[in-house]
Colleague: 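Attaching a single structure in C-alpha cells format; questions to follow.
Numbered from 1 within each chain, the chains take letters A, B, ... in sequence-line order. Given the structure is predicted, the values throughout are model-derived calculations rather than measurements.
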2 protein chains.
Amino acid sequence: MSERDAERSVSQTVRAQLALRDMILSGRLRPGERISELQAVDITGVSRTPVRLALVRLEDEGLLQAIPSGGFMVKAFTERDILDSIELRGTLEGLAARFAAERGVNARSLEPLKECLGDIDQLVRQDPISVEAFSAYVTMNARFHALLNELSASAPLIREIDRVSALPFASPSAFVMAQSALPEAHQILLIGQDHHRIVVDAIENREGARAEAVMREHSRLAARNLRLAIRNRTHLELMPALALLKSSAE
Amino acid sequence: MSERDAERSVSQTVRAQLALRDMILSGRLRPGERISELQAVDITGVSRTPVRLALVRLEDEGLLQAIPSGGFMVKAFTERDILDSIELRGTLEGLAARFAAERGVNARSLEPLKECLGDIDQLVRQDPISVEAFSAYVTMNARFHALLNELSASAPLIREIDRVSALPFASPSAFVMAQSALPEAHQILLIGQDHHRIVVDAIENREGARAEAVMREHSRLAARNLRLAIRNRTHLELMPALALLKSSAE
DNA sequence: TGGGTGCAAGATGTATACAGTAGACGCGAT
DNA sequence: ATCGCGTCTACTGTATACATCTTGCACCCA
C-alpha cells in the first residue's frame, strides 16, 4: 500500500489528532497556549468537525486542557507531575504483575515473554551498545511491558495502564534514548533487564508481593534516567516530551 | 434559578451526555446493544453534532465501546471487571495516601478531613441507622475520599482516581446503599470509618506504608459489599450500575 | 438448496452555514 | 487619568446537508 493510500485510509479525525499531537510534542505549540479551532483547521487542513473531535480526544489523552469558557489550551506539566506519572505507571504495572502472579498463568502464556527476555539479552550483551541497539531495545521493551500487562487478564487495568503510558513522558521507554548518551547507560539497561527477569520469575512462582514490588522499582529507573538527563543537560533533544515542561530549564 | 433555566444554561452536549448515561445506567439500553447516532438524537432531542461529542465522552468514560467499523455499543462488564476496578481504585487511593504521608501535610490541611471524620462519627453512632443517615453517609464518604485524594497534591494521580471512580460501580460509595439492607450493615460502616481514622493517623505520623495498606484494604469493603449483596439478592435495585453486568444473574 | 453477488437502506464521516456569546478594544464621562 | 460602558470581532456551540461506507436482504445462479 502506498503512503498516499495509507493517508487516505485513515479518517480525517485521526489525521488531525496525529498532526496536532505532533505539533504539541515538538514544542511548536507552547504550554499554556490556546489552540483555536480555526487555527487547528489551518494546521491540519481538515474541517472543524473532525478537528473538534481530535481536540476532545487530545484532551482526555491529557495533552490539552479545556478552558471553562470554551476551547482548549496546551497543558503544562511540572517535573513533579512527570515523576508522579512515572510512579503511577509503576504502581499500575505492579498491580498487573501481582494479579498475574496471584491468579497464576499457564506455562504457555509465559513463553512469548521469555522469548522477549532472550531477545533483550542479546541486545544488552553488546558493550558498548550501538544507537541501533538502543532503538531496538525501545521496541522490545515496549513489547515486554505489553505482554506483561496482558498477563493480568484484567481489561479495566490494561485500559488504565495504556492510558497512563500514552503520556509521552510516562511510557516505559520514554527516556531510554536519552539514556543512550549517559555513561551509566549500559549499567542501567542491565539492571532494568534484571528487573524483567525477576518479575517473570516471581509470576512463575506465584509470588505476588515480589512481582508487584519489583515492577514498582522498575519504573523508578525511568525516574532516575529523567533526573540524570536533566541534570547533565545531555541530549534534551532526545526527549521531545520535555517541551511540555512548565518553566523548563531547557 | 428555575429548573428550566438550569436546563438552558448547560450545553446540548452535556445534556445529551447526561441523558444517554441515564439511559445506560438504568438498563434501558442493554449491554452489547448498538447505539446509533440517530437513535441518540431521538432520545436526547439534540442534533447529531453534540450527540456525537457526548458519545465520544461516554466512550472514554468507559460506558461505551467503539465498534471498529464505526459507531458505539454499550459496554458489558463481568463481575471480575467490577472487582478489578474496585481493587484498582483502592490501589490508586493507596498511592495518594502514601504520597500525602511521605511528603507530609501541614496541620491546617488535615482540619477539614478531621471535621469530616467527626461528621461521619455522628452518623454511624445511630443504631440502627436510618435510610436518611445512609444517604448522608454516601455524601460525607465521597467528601472524605475527595479531601484525602487532594492531600496527595498530585494532579496526574487525582485525575486518574477521578476517572476510575467515574465508573458507576467503582466509586467509593457505589454499594453503600445496597449495604443498607444487609444485617452486617452497621458493622461494615464502623469498620470503614475505622479505616478512615487510621489513614488520617498514618498520614499525620508520616507512615506511608501504613496509609497505603489501609486504603487498599478499605476499598475491599466495597468488594465485600458487592459480593454479599449479589449473593443475598437483596435490593439489587439499589445498585443500578449492575445493569451493565454481562450475563447477569439479575 | 446453498452460496454468492448486487442493490438498497441506513449508518457514520465530513463540511459548512448560522447563531449566540465572551472578550478585547476604544471612546467618553467623571 | 482612570474607570465604566458599549460596540465589535472572533471564537465556540449547534444544526444540517452531503458523501462515503457498511451491512443486510433478496434474488439469481450453480
Colleague: Could you check whether the rings of A/His145 and A/His196 sit parallel, tilted or perpendicular, using 30° and 60° as the cut-offs?
Modeller: perpendicular
Colleague: Between B/Glu93 and B/Arg89 (salt bridge meaning N to carboxylate O under 4.0 Å), is one present in this structure?
Modeller: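 Yes.
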Colleague: If you look at every heavy atom in B/Phe99 and B/Leu157, which pair is closest and at what distance?
Modeller: CD1-CD2, 3.7 Å
Colleague: Tell me whether B/Glu59 is salt-bridged to B/Lys75, with the criterion being a basic N under 4.0 Å from an acidic carboxylate O.
Modeller: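 Salt bridge flag = no for B/Lys75 with B/Glu59.
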Colleague: Determine, for A/Asp81 against A/Lys246, whether the closest basic-nitrogen to carboxylate-oxygen distance falls under 4.0 angstrom.
Modeller: no
Colleague: Near DNA chain D, under 4.0 Å by heavy atom, which residues of residues 53-67 of chain A?
Modeller: none
Colleague: Might you list the N or O atoms of the protein lying below 3.5 Å from N or O atoms in nucleotides 10-13 of chain D, with each pair's distance?
Modeller:
| residue | atom | partner | partner atom | Å |
| --- | --- | --- | --- | --- |
| D/dT12 | OP1 | A/Glu37 | N | 3.2 |
| D/dT12 | OP2 | A/Glu37 | N | 2.9 |
| D/dG13 | OP2 | A/Arg52 | NH1 | 3.1 |
| D/dG13 | OP2 | A/Arg52 | NH2 | 2.4 |
| D/dG13 | O5' | A/Arg52 | NH2 | 3.3 |
| D/dG13 | N7 | A/Arg48 | NH2 | 2.9 |
| D/dG13 | O6 | A/Arg48 | NH1 | 2.9 |

Colleague: Under the side-chain contact (heavy atoms from CB on, under 4.5 Å) rule, collect the residues that match up with B/Leu25, sequence neighbours excluded.
Modeller: B/Arg21, B/Leu63, B/Pro168, B/Leu244
Colleague: Which is the 5'-most and which the 3'-most nucleotide of DNA chain C that has an atom under 4.0 Å from a heavy atom of chain B?
Modeller: C/dA11 to C/dT14
Colleague: Which residues satisfy the side-chain contact (heavy atoms from CB on, under 4.5 Å) test with A/Arg48, sequence neighbours excluded?
Modeller: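 Checked A/Arg48 against side-chain contact (heavy atoms from CB on, under 4.5 Å); matches are A/Glu37, A/Leu38, A/Val41, A/Arg52.
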Colleague: I'd like to know if B/Glu87 and A/Arg98 make a salt bridge, using a cut-off of under 4.0 Å between side-chain N and carboxylate O.
Modeller: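 A salt bridge links B/Glu87 with A/Arg98.
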Colleague: With the threshold set at 4.0 Å, does a side-chain nitrogen-carboxylate oxygen contact exist between A/Arg163 and A/Glu61?
Modeller: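 No, no charged N to carboxylate O under 4.0 Å.
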Colleague: Which residues pass the side-chain contact (heavy atoms from CB on, under 4.5 Å) test with A/Ser135, not counting sequence neighbours?
Modeller: none
